[in-house]
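In what follows, a single structure is set out as structure tokens and then discussed.
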Number of protein chains: 2
Amino acid sequence: MKVACSSCNLRELCMPISFGAEDMKRLDEVVATRHHVKQGELLFRDGEPFKSLFAIRTGFFKTSVSTPDGHEQVTGFQMAGEIIGLDGIVSDQHSCNAVALEDAEVCVMPFANVEELSREFPVLQRHVHKIMSREIVRENSMMLLIGNMRSEERLAAFLLNLVQRLHARGFSQTEIVLRMSREEIGSYLGMKLETVSRAFSKFSDEGIIEVKQRYVGILNAAALKKIVNPTGCV
Amino acid sequence: MKVACSSCNLRELCMPISFGAEDMKRLDEVVATRHHVKQGELLFRDGEPFKSLFAIRTGFFKTSVSTPDGHEQVTGFQMAGEIIGLDGIVSDQHSCNAVALEDAEVCVMPFANVEELSREFPVLQRHVHKIMSREIVRENSMMLLIGNMRSEERLAAFLLNLVQRLHARGFSQTEIVLRMSREEIGSYLGMKLETVSRAFSKFSDEGIIEVKQRYVGILNAAALKKIVNPTGCV
DNA sequence: GTCGGGTTTTGATGCATATCAAAAGATAGT
DNA sequence: ACTATCTTTTGATATGCATCAAAACCCGAC
């Protein structure tokens, strides 16, 4: 079952938009194969040789790095239409682990293909640069989040970010089914799982959200935004 | 005073290494002009339109982002041979501030030039990708640092990183003159200036370092490494 | 040299979050 | 359906770092 980029409904997310049908056909060449990853399995692992970027077609991933003593730091959660593997370019080997948090399918894009077609299509080249820049900016804001905000602000920002990305993919603007555990959220946000749980309970008590296990209903998005940014400006 | 990349002693740091004399001449075209930035001045500011990347020729910069309520998070310190401005690519405007911490000179590389020459020279293309990937990896490790380590571990890691980069530029392996304040270090590492100061004092009391204002002498690098990574493995 | 403003150090105290612990709830395998 | 295991919640306590405060120190301006 071959699904070409040109006919993929995630095209606008992982490919440049301003592409003619003609060019789009050529662009299909970036994707060599597709690959299924079962829940809990690794797509790639820290230290593994880097060959390809991966575009997520379906499913949900987390990426993480570890301290020598085995403490894990989740560095990101990725969903359909997002690209993972950029960390591997610099040293030709991956520097983090990517684990599927639910059964997933990815498009394997050999980086040699990406670079070759990038030289031919400036719009693709620009797109690749933007994707990498976006990741740099995202991580900047994560540093701000972890370094400067308190636990409840972090969780509020996390939920808003998640729901915004899901909404961009056609899901509800008010309902989330979390794919990750409290511990993984905590690792991502630089806090312990108990603190995550307490923050959930607090928001729930205040009527801002509704929590039932991994289901989260957002009852008062404005309140969440106010927690992240109390002044309301910007 | 025109200094071409081909005759710049920082060439190995900001340009691809495997370049013939012929190609190197063409590569000089990436740099449009040079620009002086006085200590305390901004090279670019959050929200400003993005036109160019900047290669640092001399001097020392910090980049930072801010919360709406004005709290600053330093996202990096950059020295000679390093590239700044990558954050601006994604949305055609800068998303952080870059301030010179000492009088500096930068090479202005219009991004249009970079992209055009990248298409022509695969080795430059690869280089640009690596620089962006390196920044992504660096920020991953900063998330690990801020999210998982305690204050003394963070400062130890910071000092080791700084001295390693300075050493790569021909400076001492054991002596640093800090260009940034305790507050800026603290912001970068997600802690308060008092905590930074206390950690300095502690290391000094233990004979691991020698501190006199912004001068730091590293007396026992092994001890610093052990603080970052107690198990000693890896 | 002296004054004034900024930076750094050090001490005392408080608070947010980590840690420890245990129960409740969900999930998967037999 | 039932048990074993994992996840989540909640409570009690501990602690690392922030906060508040003040003194010491440094640097540049005059």
Side-chain angles (χ1 to χ4, degrees), chain A residues 38-40 62 67 69 71-74 99 101-103 145-159 176-206 209-216 227 230, chain B residues 38-40 62 67 69 71-74 99 101-103 145-159 176-206 209-216 227 230:
Chain A
K38 284 220 180 305
Q39 179 171 353
K62 71 167 178 184
T67 48
D69 55 310
H71 213 94
E72 178 187 52
Q73 169 77 37
V74 172
V99 177
L101 295 181
E102 61 179 6
D103 290 358
L145 188 106
I146 303 180
N148 274 306
M149 293 181 168
R150 46 194 54 199
S151 64
E152 286 167 27
E153 296 173 315
R154 294 182 209 181
L155 187 66
F158 170 74
L159 291 174
I176 313 176
V177 177
L178 300 172
R179 250 71 236 213
M180 70 293 278
S181 68
R182 302 288 189 262
E183 185 165 19
E184 287 162 334
I185 296 172
S187 170
Y188 184 53
L189 300 177
M191 51 207 254
K192 293 289 146 173
L193 69 100
E194 294 95 328
T195 310
V196 175
S197 176
R198 277 182 239 273
F200 269 123
S201 300
K202 177 127 182 289
F203 290 167
S204 181
D205 291 348
E206 294 170 343
I209 62 174
E210 192 192 343
V211 186
K212 194 166 186 184
Q213 286 300 117
R214 299 203 169 177
Y215 164 87
V216 178
I227 288 169
Chain B
K38 284 218 180 305
Q39 180 171 352
K62 71 167 178 184
T67 49
D69 55 309
H71 212 94
E72 179 187 53
Q73 168 77 37
V74 172
V99 178
L101 295 181
E102 62 179 4
D103 290 358
L145 187 105
I146 304 178
N148 274 307
M149 293 181 168
R150 45 194 57 199
S151 64
E152 286 167 26
E153 297 173 315
R154 294 182 210 182
L155 187 66
F158 170 73
L159 291 173
I176 314 176
V177 176
L178 299 172
R179 251 72 236 212
M180 70 294 280
S181 69
R182 302 287 190 262
E183 186 166 18
E184 286 162 335
I185 296 172
S187 171
Y188 184 52
L189 300 177
M191 51 208 253
K192 293 289 145 174
L193 69 100
E194 294 95 328
T195 310
V196 176
S197 176
R198 277 180 238 272
F200 269 124
S201 301
K202 177 126 186 286
F203 290 168
S204 182
D205 291 348
E206 294 170 344
I209 62 174
E210 192 192 343
V211 186
K212 195 168 187 184
Q213 289 296 117
R214 297 202 170 179
Y215 164 87
V216 178
I227 288 168

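Note that the structure is a prediction, hence the values are computed from the model and not measured. A note on names: the letters A, B, ... follow the listed sequences, proteins ahead of strands, and every chain is numbered from 1.
When rounded to the nearest whole Å, the span between NZ of B:Lys202 and C1' of C:dT9 equals 16 Å. Rounded to a whole Å, the CZ atom of B:Arg214 is 14 Å from the C1' atom of C:dT9. One atom, CZ of B:Arg182, and another, C1' of C:dT10, lie 13 Å apart when rounded to the nearest Å. Counting to the nearest Å, the C1' atom of D:dG28 and the CD atom of B:Gln39 are 12 Å from each other. When the P atom of D:dC17 is taken as reference, atom CG of B:Leu155 falls 12 Å away, rounded to whole Å. Nucleotide D:dC17 holds its P atom 7 Å from the CZ atom of B:Arg154, rounded to whole Å. Atom CD in A:Glu183 sits roughly 19 Å away from atom P in C:dA26 (whole-Å rounding). Across the protein-nucleic acid pair, A:Glu152 atom CD and C:dA18 atom C1' stand 15 Å apart, rounded to whole Å.
B:Gln39 and B:Asp103 share no side-chain donor-acceptor pair at under 3.5 Å.
Between A:Phe200 and A:Leu178, some side-chain heavy-atom pair lies under the 4.5 Å cut-off. Between A:Ile146 and A:Leu189 the shortest side-chain heavy-atom distance does not fall below 4.5 Å. Taking the side chain as every heavy atom from C-beta outward, B:Glu184 and B:Leu101 approach each other to under 4.5 Å. Residues A:Val216 and A:Lys212 form no side-chain contact, since every pair of their non-hydrogen atoms from C-beta on lies 4.5 Å or further apart.
Salt bridge annotation for B:Glu194-B:Arg198: absent, with no cationic side-chain nitrogen under 4.0 angstrom from a carboxylate oxygen. Ionic pairing of B:Glu102 and B:Lys38 is not present here: no N-O contact between side-chain nitrogen and carboxylate oxygen is shorter than 4.0 angstrom.
You won't find any donor-acceptor pair under 3.5 Å spanning the side chain of B:Arg198 and the base of D:dG16, going by distance alone.
For the contact set between residues 189-197 of chain B and DNA chain C, defined by any heavy atom under 4.0 Å, the members are B:Leu193, B:Glu194, B:Ser197.
B:Ser201 has a side-chain polar atom (N or O) that falls below the 4.0 Å cut-off from OP1 or OP2 of C:dT10.
Nearest-nucleotide positions on DNA chain D for A:Arg150 and A:Phe200 put A:Phe200 closer to the 5' end. Residues A:Met180 and B:Met149 both approach DNA chain D. Their nearest nucleotides, taken by heavy-atom distance, put A:Met180 toward the 5′ side.
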